[in-house]
Amino acid sequence: MRMVDLIENKRDGEELTAEEINFIIEGYTKNEIPDYQVSALAMTIFFKDMTERERADLTMAIVNSGETIDLSAIEGVKVDKHSTGGVGDTTTLVLAPLVAALDIPVAKMSGRGLGHTGGTIDKLEAIAGFHVEISKEQFVDLVNRHKIAVIGQTGNLTPADKKLYALRDVTATVNSIPLIASSIMSKKIAAGSDAIVLDVKTGAGAFMKTADDAKELAQAMVRIGNNVGRKTMAVISDMSQPLGYAIGNALEVKEAIDTLQGNGPKDLEELCLALGRQMVFLANKASSLEEAEEKLREVIRNGKALEKFKSFIANQGGDPSVVDHPEKLPQAAYQFEVLSKEDGIVAEIVADEIGTAAMLLGAGRATKESEIDLAVGLMLNKKIGDPVKAGESLVTIHANREDVQDVVKMIYDNIRIADHAVAPTLVHGIVTE
């Protein structure tokens with residue numbers, strides 16, 4: 001088998017066999033196939049696409065390039081959730097205890113953030129003492145006993161994906177549905193869950209800017225999951241404006257606590273229920289999505305979800321008293337109000353640019369080496385469709401520096417006031433096949 005022949009076959013529109021795909025991924029992972037040949041193949045895939053069977057085979061070849069997590073010792077159906085990323089996306093902090101409160105095992109492998117704000121682990125580390133450095137044995141034991149635990153991503157999970165992504169990044173082949181879908185799904189499958197719920201974002205703050213592109217990606221990932229034996233569903237959700245009001249690590253933890261108490265932002269609660277009901281349904285804990293949602297609402301009402309969050313924090317070394325005393329979370333030294341210059345209605349909040357403004361304060365990482373300031377960030381005081389008067393606060397800046405003019409300018413440049421506006425639809429659709 002020669003790599004040049006496989007590139008030529010794909011260039012001419014032929015299907016690659018499972019054996020050929022395994023040869024490529026194994027050879028590339030072992031440095032036996034050079035970057036320039038894999039670059040050529042990635043470009044042929046970009047233009048020629050892949051069949052559903054090829055996509056599933058590519059995903060599993062990437063899964064098998066490194067270690068996989070065996071969760072078979074955990075009782076029950078393990079359901080994982082993945083978001084394609086956004087601004088103010090606090091869903092995991094709410095969903096994990098919410099779903100676990102219904103005795104569904106949530107064995108979550110999470111990473112750190114790169115970009116707007118921190119990842120799930122960074123946010124949780126805003127809670128004093130919380131840590132994810134636990135052994136796999138402890139991880140399994142915690143999920144079996146308490147239904148919830150979070151562990152950091154292992155270094156040798158899908159090494160082929162790391163190499164491929166770095167290559168795609170410098171060869172203009174990132175934006176390819178089969179390559180994106182296999183990249184995301186390989187990590188989720190390697191992490192060992194039985195079922196997967198996907199939150200595919202669309203809009204200014206998302207990787208997929210249009211709803212049609214987001215739907216195409218969601219369908220590709222759901223089909224891969226189902227084709228390799230993982231029950232998979234997806235929600236296509238809006239990211240044209242930040243989710244919720246908080247953008248920043250400690251601020252988002254506070255917002256998650258509010259949501260588990262039933263007092264959170266309506267859009268964050270709605271999305272958590274939309275994702276959560278799929279998780280409950282796939283875990284066979286409800287016979288319909290409607291029944292699943294009612295069960296989730298009940299554990300918010302009766303306080304079980306909040307109690308689950310407290311025990312989760314305590315089990316991983318954190319201070320559970322932050323739930324009742326969120327003022328114990330890291331606090332920024334300064335708060336500045338960004339005031340509206342005119343009367344009107346908020347017509348646009350450009351999510352990715354507002355996320356970048358939070359990153360300038362230190363809420364996210366510009367590079368992998370950057371240090372995150374867990375206390376800083378932005379609190380939106382208005383969302384799209386809200387009326388505003390001149391002199392009213394649009395955003396509260398939480399900063400640990402006195403000069404924030406660069407952040408203020410970015411906020412003014414990316415929040416538009418008009419005489420009318422239409423609030424965006426939060427959930428654009430559900431994909432089940």
Side-chain angles (χ1 to χ4, degrees), residues 1-68 82 84-85 111-115 153-191 200 206-210 213-214 216-217 219-221 223-225 227-228 352 365-370:
M1 206 178 293
R2 296 193 314 158
M3 185 64 179
V4 66
D5 297 327
L6 303 183
I7 297 168
E8 187 177 332
N9 292 347
K10 192 65 195 164
R11 181 200 67 193
D12 294 342
E14 294 180 24
E15 272 192 72
L16 296 171
T17 67
E19 184 184 8
E20 288 167 342
I21 290 170
N22 286 330
F23 168 80
I24 293 163
I25 296 302
E26 188 176 332
Y28 187 49
T29 306
K30 293 178 177 176
N31 298 316
E32 293 166 358
I33 297 174
D35 278 352
Y36 58 82
Q37 286 190 311
V38 178
S39 298
L41 181 70
M43 192 61 80
T44 64
I45 291 170
F46 184 91
F47 283 111
K48 293 294 186 178
D49 205 344
M50 293 182 108
T51 64
E52 282 188 30
R53 197 267 309 151
E54 283 179 300
R55 293 174 181 190
D57 287 342
L58 175 61
T59 303
M60 291 311 296
I62 296 171
V63 169
N64 294 325
S65 70
E67 68 175 284
T68 56
H82 175 79
T84 58
R112 299 189 181 279
L114 182 62
Q153 286 176 348
T154 176
N156 196 36
L157 207 70
T158 63
D161 179 61
K162 295 180 180 70
K163 289 193 71 175
L164 279 168
Y165 190 86
L167 194 66
R168 288 164 54 212
D169 200 32
V170 294
T171 57
T173 53
V174 168
N175 202 13
S176 160
I177 293 290
L179 296 178
I180 298 167
S182 60
S183 173
I184 292 171
M185 292 304 291
S186 66
K187 290 189 280 285
K188 291 290 102 183
I189 291 161
V200 183
F207 184 64
M208 309 309 278
K209 301 299 181 189
T210 70
D213 286 347
E216 187 182 353
L217 176 59
Q219 288 174 332
M221 292 194 292
R223 285 169 182 160
I224 287 171
N227 284 339
V228 302
D352 50 353
R365 291 183 181 86
T367 69
K368 286 182 181 177
E369 292 71 37
S370 302

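Only a predicted model underlies this, so the values are computations on that prediction, with no experimental measurement involved. The figures here come from the full heavy-atom set of this structure, side chains too, leaving out hydrogens, waters and symmetry mates.
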If you look at every heavy atom in [X] and [Y], which pair is closest and at what distance?
| X | Y | answer |
| --- | --- | --- |
| Y28 | D35 | OH-OD1, 2.8 Å |
| N22 | A61 | OD1-CB, 3.3 Å |
| I177 | A220 | CG2-CB, 3.7 Å |
| I224 | A181 | CD1-CB, 3.8 Å |

Report task. Taking atom types as modelled, find out whether S186 and D161 have a side-chain donor-acceptor pair closer than 3.5 angstrom. Result ->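 Per modelled atom types, S186 and D161 side chains form no pair under 3.5 Å.
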
Does any non-hydrogen side-chain atom of [Y] lie less than 4.5 Å from one of [X]?
| X | Y | answer |
| --- | --- | --- |
| L164 | L179 | no |
| L41 | T44 | yes |
| T84 | M208 | no |
| M50 | K10 | yes |
| I180 | R168 | yes |
| V228 | T59 | no |
| R55 | S182 | no |

Test item: [X] side-chain N/O and [Y] main-chain N/O as donor-acceptor pair under 3.5 Å:
| X | Y | value |
| --- | --- | --- |
| K163 | P159 | no |
| K48 | M43 | no |
| E54 | L16 | yes |
| D169 | Y165 | no |
| E20 | T17 | yes |
| S65 | A160 | yes |

**Report entry** More than 12 heavy atoms of other groups within 6.0 Å of E32 CD
**Finding:**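 Enclosed.
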
Requested in this report: Look at D57 together with R53 and state whether they make a salt bridge at an N to O cut-off of under 4.0 Å.
Outcome: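 Yes, D57 and R53 are salt-bridged.
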
